[in-house]
Amino acid sequence: MPAAAAFRDSLLRHLTYSLGKAPENADITDWRIALSLAVRDRMVDPWFASARATQEGGHKRVYYLSMEFLIGRLLEDAVVNLGLLDVAADTMHELGLSLSDVLADEPDAALGNGGLGRLAACFLESLSTIGCPAVGYGIRYEHGLFKQSFRDGRQIESPEDWLQQDHAWEFERSGVSFDVGFGGDVVERGGHCVWRPDETVIAAAYDTPVVGWRGNWANTLRLWSAKPTTIFDLARFNRGEYAAAAEPETLARTITRVLYPDDSTDEGKRLRLKQEFFFTAASLRDILRRFGSEFDDLKQLPKKAAIQLNDTHPAIAGPELVRLLHDERGMSLDCAIKTAQATLNYTNHTLLPEALERWSEGLMRELLPRHMALIERIDDAHHQAYPSRTVSLVENGDVKMGELAFVMANRVNGVSALHTDLMKQTVFKDLHALHPERIVNETNGVTPRRWVLSANPRLSTLLAGRIGLGWVDDLQQLERIEPMVDDKAFRDQYAAAKRANKAGLSDWLRDTQDVSVDPDAMFDVQIKRIHEYKRQHLNILEAIALWQAIHDQPNADWTPRVKIFGGKAAPGYVFAKEIIYLINSVAKVLNSDPVTSKFLKVIYPPNYNVSLAEQLIPATDLSEQISTAGKEASGTGNMKFALNGALTVGTLDGANVEIRDLVGPENFFLFGMTAQEVVERRMIEDHAAQAIGADTRLARALDAIRSGAFSGGDRDTFASIVDNLSGPDYFLVCSDFTDYWRAQRDVDAAFRDRDAWMRMAMLNTARSGWLSSDRTIRGYMADIWKADAVHT
Ligand code: F58
């Protein structure tokens with residue numbers, strides 16, 4: 001049977017026999033699930049072949065432990081990587097459907113908050129593309145990141161429900177499960193410590209194959225779901241106590257119910273720590289089981305397994321691995337600690353003190369008594385080996401998880417050059433002095449399959465016409481288009497692709513957000529979590545100042561701009577929610593202003609997610625990367641924009657520094673203080689007042705907010721923001737405002753010369769090949785994991 005006919009046959013068989021649907025009764029979701037199953041079938045053989053090759057060759061495996069995998073939609077990724085795009089499109093067309101509609105029907109799997117979770121998803125895909133044997137371990141949250149909507153401009157959260165529909169990608173592994181305990185006590189038996197938990201839940205495995213580019217290799221994403229050890233209490237049920245009878249089940253399932261439960265209460269904290277231990281413990285047991293099925297000598301574990309801890313969320317892996325090796329398998333404590341240290345590695349993603357995890361010793365001792373005792377033993381051993389008064393794992397009654405992860409790791413890495421340097425100088429200064437070899441840098445990257453090939457088909461087609469498809473898994477090949485930037489015809493084609501992407505986004509904004517924008521205006525985009533250090537309020541302040549300037553001179557030659565925001569605020573982060581409210585309130589006034597709205601609009605589509613990012617990024621002219629220098633560990637959105645030909649207005653923060661070096665300072669709009677200047681500026685007590693006093697535009701913009709211009713005349717509505725900015729202004733919005741305004745006017749001027757702008761945009765694409773997550777993963781393989789690619 002020809003390939004297309006075989007595919008169509010497989011799709012129809014799944015619709016009929018897996019879903020039990022007749023074609024005439026099938027809706028788009030039925031078709032989408034049937035298509036997913038037909039595609040999934042094509043992954044299974046490479047998946048098995050990859051596992052076999054790894055096992056038969058006795059190869060080292062990488063285990064990526066992450067609380068979050070922000071994978072988004074999976075069908076397009078799979079179709080593209082398996083080379084099925086044309087076949088799938090033709091098949092759907094024959095059936096009277098459009099493939100793009102079917103792809104858009106898939107809910108986003110939002111099993112992550114932001115950059116950290118999305119990085120894990122890009123890494124999985126790159127590991128498979130490269131052919132590095134790997135398993136991603138995480139949690140199968142029943143409800144991913146909350147859905148965001150706006151009511152009168154304010155953020156409203158509602159539960160996300162991705163598992164409401166059948167999830168076509170996973171295989172439930174009823175044969176793979178582990179008991180995970182909490183609480184209880186520790187007793188000594190025959191010279192060994194035995195932990196006797198008083199609560200036990202089952203960790204049940206669900207596997208999703210992750211196939212790489214060209215479908216040669218597939219790794220596994222194994223997510224754990226919590227189940228009760230007893231289904232329900234039959235005696236209580238029979239007494240009519242129905243709710244009480246279901247209690248064990250409810251309690252167990254609570255562990256994997258939601259991503260990032262609010263941890264502002266003690267109960268919330270307990271649940272979060274339980275989630276962390278739950279998935280870490282199950283993953284380690286699984287890793288040791290697999291190792292034990294292939295090899296005998298546990299001391300060889302570091303040769304056959306590299307475990308990467310994605311931030312400190314799985315940092316309990318240190319003591320748990322020691323417990324498994326020492327208490328349960330009889331290795332000496334010293335050897336168990338050394339073996340664990342040689343196997344584990346830790347990635348840090350933040351320097352913000354409030355984001356560094358600490359768990360109270362009391363809670364630790366209550367939930368994980370044996371682990372708390374082992375943490376003290378590890379601390380003692382470290383003190384003995386490296387006498388130092390400055391480093392200890394427990395401080396003021398808290399276990400410092402960053403320090404624990406560091407001490408138990410072979411390598412510790414930052415995620416951009418600047419971030420890694422700052423790690424050495426600040427949070428891990430003392431540990432770095434004791435272990436100068438341990439900290440390494442692995443600058444983040446993004447997968448070009450999703451973020452260029454799929455998200456930007458127009459650009460991809462253009463590139464393919466000029467340099468073929470080699471760039472898809474060798475992104476440095478984008479350099480080959482650099483000589484073509486002087487070819488006017490090519491520049492026009494590049495500009496036409498961008499223009500078409502912008503027209504598509506304009507249509508979408510008209511249809512879904514009820515706002516009309518001119519696709520020839522500059523599309524200026526800031527999409528990321530809402531956080532003070534990311535300074536969305538600096539961006540909206542500039543919009544207010546611009547609005548005022550246009551009013552002053554309505555007939556001047558303004559460069560039309562559409563400012564687009566996207567992002568969620570953590571439900572308990574009050575200030576971030578005020579920023580959202582301010583942006584929406586400013587948007588309302590500006591967009592209905594008859595004088596200025598033809599030059600300036602502000603749009604904030606709700607519920608920013610991976611799929612919306614895929615739509616916005618290819619249509620962007622200007623990428624806003626404006627965090628206070630020293631605060632953004634890396635950023636990865638900044639990389640997606642540069643690859644897709646958006647110019648950056650940004651500070652010297654995170655990977656912006658490397659992006660600017662790559663694309664050239666003349667193709668990047670730099671502004672603001674350096675990390676060092678930020679530290680010095682904070683020493684000036686009235687830095688904000690000074691900045692406001694020196695810039696009438698800034699003073700006027702703040703006055704407009706204060707006087708109620710965006711709150712129907714009410715002066716209190718945004719008092720918290722204005723008071724903060726004119727008072728402590730920890731993130732130095734005011735001190736950076738003047739230079740930001742200057743940079744934005746440079747942007748305006750540059751955008752007026754479209755041809756010159758397009759040249760700069762093309763150079764951003766041509767010179768950003770290094771930002772591929774394939775390069776990042778190769779770095780981890782060489783510097784941290786000492787793992788090789790395997791070829792099937
Ligand atoms: C992000 N961290 C960094 N944390 O902010 C960003 O600079 C970096 O590019 C990215 O990691 C990847 O390295 C981040 O996304 C979280 O989402 C936390 C997860 C746990 C709860 C609090 C937020």
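What you are looking at is a predicted structure, and each value in this text was computed from that prediction instead of being measured. Remember, it's 1-based here, ligands and their atoms both numbered in the order they're listed.
For the pair K631 and F731, the NZ or CZ position fails the cation-pi test of under 6.0 Å to the six-membered ring centre and within 45 degrees of the ring normal.
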For ligand 1, run through the N/O pairs with the protein that fall under 3.5 Å and put one pair on each line.
{"residue": "ligand 1", "atom": "5 (O)", "partner": "Y533", "partner atom": "OH", "Å": "3.3"}
{"residue": "ligand 1", "atom": "5 (O)", "partner": "E632", "partner atom": "OE2", "Å": "3.1"}
{"residue": "ligand 1", "atom": "7 (O)", "partner": "E632", "partner atom": "OE2", "Å": "2.6"}
{"residue": "ligand 1", "atom": "7 (O)", "partner": "A633", "partner atom": "N", "Å": "3.3"}
{"residue": "ligand 1", "atom": "7 (O)", "partner": "S634", "partner atom": "N", "Å": "3.0"}
{"residue": "ligand 1", "atom": "7 (O)", "partner": "G635", "partner atom": "N", "Å": "3.1"}
{"residue": "ligand 1", "atom": "9 (O)", "partner": "N444", "partner atom": "OD1", "Å": "3.4"}
{"residue": "ligand 1", "atom": "9 (O)", "partner": "G635", "partner atom": "N", "Å": "2.7"}
{"residue": "ligand 1", "atom": "11 (O)", "partner": "L116", "partner atom": "N", "Å": "3.4"}
{"residue": "ligand 1", "atom": "13 (O)", "partner": "H349", "partner atom": "ND1", "Å": "2.6"}
{"residue": "ligand 1", "atom": "13 (O)", "partner": "N444", "partner atom": "OD1", "Å": "2.8"}
{"residue": "ligand 1", "atom": "15 (O)", "partner": "G115", "partner atom": "N", "Å": "3.3"}
{"residue": "ligand 1", "atom": "15 (O)", "partner": "L116", "partner atom": "N", "Å": "2.8"}

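In this view, E142 and R257 satisfy the side-chain contact (heavy atoms from CB on, under 4.5 Å) rule, not counting sequence neighbours. Under the side-chain contact (heavy atoms from CB on, under 4.5 Å) criterion, T674 pairs with L652, Q676, E677, not counting sequence neighbours. Considering only residues two or more places apart in sequence or on other chains, V679 meets the side-chain contact (heavy atoms from CB on, under 4.5 Å) condition with M683.
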Determine, stepwise, if the pair K147 / E160 fulfils salt bridge (charged side-chain N to carboxylate O under 4.0 Å, His left out). CA-CA 6 Å; K147 275 198 210 145; E160 183 280 343; over 6 Å; no
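Taking the six-membered ring where the residue is Trp, F428 and Y346 present perpendicular rings, their angle passing 60° and hence far from 30°.
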